[in-house]
Chemist: 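The structure that follows is given in the form of structure tokens.
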Amino acid sequence: MRPISQEAIEEACYEIMKKAAVDIPEDYLAGIKRSAEREKEALSGFVIKTMVKNYETATAERRPMCADTGLPRYFIKVGDDARFEGGFTGMERSIRSATARATQDVPMRPNRVHPLWRTDYNNNVGINAPEVEWSFEPDAGWIDITTVHKGGLFGTDYRMLFPGDGLGGIRRFLLDTLIAFGKRGLACQPAIIGIGIGGSKDTCMQLGKQAACLRIVGDRNPDPKIAELELELMEASNSIGMGPMGFVGSSMAVDLHIEVGFTHTGGMPVSVHTFCLSSRRATARIHADGHIEYRTDPKWFTPYYRREGIAWEGARLDQERQHA
């Protein structure tokens, strides 16, 4: 079978750029409608219902759902058996070309500038932009490409906690952060909240962002204790008295997701991320025969991605002893 062409990769990237900018994912839209039903405060309820009308108008008129179209970034999962033209550098060239074209054609706001000289090429492409994160999948011949258009200014925080801080420390950090975000207009709630726990500092930040952007509303962590904590913290997030636009209400979070990574024995790093009310994401799967399927569930957190332990007999025996 012929390798996947660079043209197919660019076509897929271009199409998901358009879809993410314009069409709200169904899971988030359903979550927003549930928030509107639960919201007791009249002003917050009115704002949420107006948001739904805005989404419907954007889809009908094929215009971006928000004037700030965020910073486009990509998450790419490559099957071990996938064959594609140009290698990984060729794939990145296709990604950058699609980003520039979509910025002009949708159109999207060209948000990317040089951090010092403020140079702007009007296409959301530049030094280290757009960001691309890679993952891999065994026994697969397809390529999954997800684009996320996330705001790049606010709605994120990090703190190095310690094991003694425990779950109470995580709760305090989360609620302090959300209150600060809500008061200052930094979260664009109702938001999907992602929490990263563990890893090194950079990994912790990645886990939290992926938790916010790459899991759908209603998805629960496969660890039952973490799943229980997700629901508990989501309820707590909606109890701080804040609704959309900072108005009084109970609609801070549409959902809350937690992802974890093994970390240094002396620390417990935690990051908090909010994926705003536009919740812009779209995924394309390019199959080995070149045909493309589109969806809004990234399916990023596969069992292989969350793999625990290593393929080593000694490690397996150690785990069995710990759980005995």
Chemist: Looking just at side-chain N and O atoms, do Ser44 and Glu39 make a donor-acceptor pair shorter than 3.5 Å?
Modeler: no

Chemist: List in chain and number order the residues that pass side-chain hydrogen bond (donor to acceptor under 3.5 Å, both in side chains) with Tyr158, two or more places apart in sequence or in another chain; answer none if no residue qualifies.
Modeler: none

Chemist: Give me the atom names and distance for the closest heavy-atom approach of Pro130 to Arg73.
Modeler: CB-CA, 4.4 Å

Chemist: Any ring-ring contact (aromatic ring centres under 6.0 Å, His included) pairs touching residues 161-195, not counting sequence neighbours?
Modeler: none

Chemist: Please list all pairs passing the ring-ring contact (aromatic ring centres under 6.0 Å, His included) test where one or both residues lie in residues 250-276, with sequence neighbours left out.
Modeler: none

Chemist: Kindly compute the distance separating SG (Cys188) from CG (Asp68), expressed to the nearest 0.5 Å.
Modeler: 8.0 Å

Chemist: Assess whether a salt bridge exists between Lys53 and Glu56, defined as any Lys/Arg side-chain N lying under 4.0 Å from an Asp/Glu carboxylate O.
Modeler: no

Chemist: Will you find, in the side chains of Asp289 and His291, an N or O donor that is under 3.5 Å from an N or O acceptor?
Modeler: yes

Chemist: So that I can tick it off, tell me whether Glu259 and Arg306 are bridged by a salt bridge, with the cut-off set at under 4.0 angstrom between side-chain N and carboxylate O.
Modeler: yes

Chemist: Name all pairs fulfilling the salt bridge (Lys or Arg N to Asp or Glu O under 4.0 Å) condition that reach into residues 229-255, sequence neighbours left out, sorted by first residue then second.
Modeler: Arg171-Glu232, Arg215-Glu230, Arg220-Glu230, Arg220-Asp255

Chemist: Just distance, no hydrogens or angles: give the donor-acceptor pairs under 3.5 Å from side chains in residues 83-90, sequence neighbours left out.
Modeler:
residue : atom : partner : partner atom : Å
Arg83   : NH1  : Met1    : O            : 2.5
Glu85   : OE1  : Gln6    : N            : 3.3

Chemist: To check you understand the geometry: which heavy-atom pair defines the closest contact between Ile258 and Asn221, and what is its length?
Modeler: O-ND2, 2.9 Å

Chemist: Kindly write out the residues that satisfy side-chain hydrogen bond (donor to acceptor under 3.5 Å, both in side chains) with Thr302, not counting sequence neighbours, or none if the list is empty.
Modeler: Glu137

Chemist: Would you kindly say whether Thr103 and Asn123 are connected by a side-chain donor-acceptor distance under 3.5 Å?
Modeler: no

